[in-house]
Amino acid sequence: MNTTDSQDARGARPALTVLNVNDDPATLYLLSLTLRQGGYQVLEATGGREALRLAQGQPDLVLLDVHMPDIDGYEVCRRLRADEATHDLLIAHLSSVSVRREDRVRGLAQGADAYWTRPLAEDELLANVEALLRLQARARDAVRARDHFLSIAAHELKTPLTVLRLNLERAVEMVLSDTEARGPMEKRLTPAVRQLTRLQNLVDSLLDVSRLSTRDIALQVDTVDFSRLVREQVERFQAPARSANVDLDAVLPDAPVTLFGDPRMLAQAVGHLLSNAVKFGQGRPARARLSTHEGHAVLTVEDQGVGIAPEDHARIFRRFERVPSAGRFDGLGLGLFLAQEIAAAHDGTLTVKSAPGQGACFELTLPLHRTQRY
């Protein structure tokens, strides 16, 4: 396979970007030349710090030398994996010095997706790069197929669940009007309605996840009194809070806090934060506090529960991620992911401060004024 074959194999798809990191000028030049002849766009870095900076631009592949003067390739790889912005980058070590089995094991253990050693012919290098990118493309296709399936399944489930819930609620109303049947029938029907509502919420979360993943969601923007919205959500969560022995309260400004956004999505984001505080609060008080600061609405939701280890702070905002804890908690691991995505869709942020055994404080920041379009 020569470089022309490689370009032909790539077809008409847009050129992918490779970050080529090597401190040897001659090697850097030859590798970049080979990659460009193979149809790739190339960024170059001669040291670890420069590589970390350029990697923030999300190249399609980082071709990383092991030995560099400032930060070695193993440490660069470790830092890229630890950074949420670069966590999923494709990384391949390419070394002409560290060629032992122990070197390869160390490189892969630090998070590299491949470890190649030189000398490596031009066509072999391009074939390896192409194979690695092809595997990544297949993985992404699988994720898209999963999201598409979730979207279809959620759509198909919504209608029968809605009909079933309406009929159950109607049955509860009829039972409540019959004093003789009220006691035993209410005990059976009320939990059914509650579990059905929970199932509807899970289906809605799956649908929102699939839409957010494909950016196939349009915000229904309106003027929102965020203070009122938070108050309503706190009131809605009083019942589950009492069931969990959590004293949930809110500290809100006297004046309205007005911003522009999608009321349903913002209510969902606040609800996920409150649900998280109730679920992990361990029966201790939890509080929602709303204030304004430098043109932003700032909502903090704080609990005194199990807490989150610093190394897990980034993980909890990923899809289907649940951090291990002492108790067993139901859920799909979608709430905080959705809350952060909703915040980002409104040009806001969601962060956490927490440590094990010291509770968690989530801070949702939203702009009061936004000039760009949603």
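- Summarising the local packing, CZ of R284 is surrounded by more than 12 heavy atoms from other residues, nucleotides or ligands at distances under 6.0 Å.
- When atom types are taken as modelled, the side chain of Q58 and the backbone of A85 share a donor-acceptor pair closer than 3.5 angstrom.
- When all heavy atoms are compared, the tightest approach of P240 to V278 is O-CG1, 3.7 Å.
- At least one side-chain heavy atom of S227 sits under 4.5 Å from a side-chain heavy atom of P253.
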inquiry  = Determine whether L338 and Q268 satisfy the following criterion, side chain to side chain contact (heavy atoms under 4.5 Å, CB included), listing intermediate values before the conclusion.
reply    = CA-CA 8 Å; L338 285 169; Q268 186 178 5; 3.8 Å; yes
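- Checked by atom type and distance alone, the side chain of R231 never pairs as donor or acceptor with a backbone atom of F226 at under 3.5 Å.
- The hydrophobic clustering, which links ILVMFWY residues whose side-chain heavy atoms are closer than 4.5 Å, places V21 and V42 apart.
- Expressed to the nearest 0.5 Å, how far CE of M265 lies from NE2 of H346 amounts to 7.5 Å.
- If you take OG1 on T351 and CD on Q340, they are separated by 9.0 Å, rounding to the nearest 0.5 Å.
- Of the charged side-chain nitrogens involved, at least one lies within less than 4.0 Å of a carboxylate oxygen, so that E75 and R79 count as a salt-bridged pair.
- Using a 4.5 Å cut-off on side-chain heavy atoms (C-beta onward), L61 and L132 make contact.
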For this session: Dump the intermediate steps for side chain to side chain contact (heavy atoms under 4.5 Å, CB included) on V257 and L252, then the final yes or no.
Result: CA-CA 9 Å; V257 177; L252 305 173; over 6 Å; no
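- Residues R138 and D141 are not paired through a salt bridge, judged by the lack of any N-O separation under 4.0 Å between the basic side chain and the carboxylate.
- Residues S95 and D65 approach most closely at CA-OD1, 4.1 Å, considering heavy atoms.
- Annotation: side chain of L274 is in contact with side chain of L248 (closest heavy-atom distance under 4.5 Å).
- Here the side chain of D222 pairs no donor or acceptor atom with the backbone of G261 at under 3.5 angstrom.
- Between the CG atom in L31 and the CG atom in L125 there is a gap of 6.5 Å [rounded to 0.5 Å].
- Atoms CE and CD, from M68 and E50 in turn, are 10.0 Å apart once rounded to the nearest 0.5 Å.
- In this structure, P310 and P356 approach most closely via the heavy-atom pair CD-CD, 4.3 Å.
- Nearest heavy-atom pair, V76 versus G48, reported as atom, atom and distance to 0.1 Å: CG2-CA, 3.6 Å.
- Using a 4.0 Å cut-off between charged side-chain N and carboxylate O, R100 and D103 make a salt bridge.
- Remark: E102 does not engage R106 in a salt bridge, criterion side-chain N to carboxylate O under 4.0 Å.
- A donor-acceptor contact shorter than 3.5 Å is absent between the side chain of H293 and the backbone of V298.
- A donor-acceptor pair under 3.5 Å is absent between the side-chain atoms of D303 and the main chain of P285, judged by distance alone.
- The CZ atom of F260 sits 4.5 Å away from atom OG1 of T223, with the distance rounded to the nearest 0.5 Å.
- Contact check for D262 versus V221: no side-chain heavy atoms found under the 4.5 Å cut-off.
- No donor-acceptor distance shorter than 3.5 angstrom exists from the side chain of N22 to the backbone of T27, with no hydrogens or angles considered.
- Linking ILVMFWY side-chain heavy atoms closer than 4.5 Å, directly or via other members, places L52 and L94 in two distinct hydrophobic clusters.
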Determine whether L126 and T34 satisfy the following criterion, side chain to side chain contact (heavy atoms under 4.5 Å, CB included), listing intermediate values before the conclusion. CA-CA 8 Å; L126 292 175; T34 299; 4.0 Å; yes
* Full working for side-chain hydrogen bond (donor to acceptor under 3.5 Å, both in side chains) between Q56 and D83 -> CA-CA 9 Å; Q56 296 296 318; D83 186 343; 2.9 Å; yes
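- The same ILVMFWY cluster, assembled from side-chain heavy atoms under 4.5 Å apart, contains both L336 and V270.
- Atoms CD and CG, from Q41 and D60 in turn, are 9.0 Å apart once rounded to the nearest 0.5 Å.
- Remark: side-chain polar atoms of S354 are paired, donor with acceptor, to backbone N or O of G359 under 3.5 angstrom.
- In terms of hydrophobic clustering, with Ile, Leu, Val, Met, Phe, Trp and Tyr side chains grouped at heavy-atom distances under 4.5 Å, L299 and V352 are assigned to a common cluster.
- Taking the ring centroids of Y74 and H93, they lie under the 6.0 Å cut-off.
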Given the rule in the side-chain hydrogen bond (donor to acceptor under 3.5 Å, both in side chains) test, do Y40 and E130 qualify, once you have shown the distances and angles that lead to the verdict?
CA-CA 10 Å; Y40 297 96; E130 183 69 20; 2.9 Å; yes
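- Of all the heavy atoms in L366 and G348, the pair that sits closest is CD2-CA, 4.3 Å.
- With a 4.5 Å cut-off on side-chain heavy atoms, F280 and V246 do not count as touching.
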CA sep, side-chain torsions, deciding dist, call: V18, V62, side chain to side chain contact (heavy atoms under 4.5 Å, CB included): CA-CA 6 Å; V18 177; V62 180; over 6 Å; no
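- The shortest non-hydrogen separation linking A339 to L350 is CB-CD2, 3.7 Å.
- Under the 4.0 Å criterion applied to side-chain N and carboxylate O atoms, D249 and R289 are not assigned as salt-bridge partners.
- Side-chain contact, E44 with S32: a donor N or O sits under 3.5 Å from an acceptor N or O.
- Side-chain heavy atoms closer than 4.5 Å link hydrophobic residues (I, L, V, M, F, W, Y) into clusters, and following such links, even through other members, never connects L43 to L16.
- The hydrophobic cluster around L33 extends to Y29, L30, counting ILVMFWY residues whose side-chain heavy atoms fall within less than 4.5 Å of a member.
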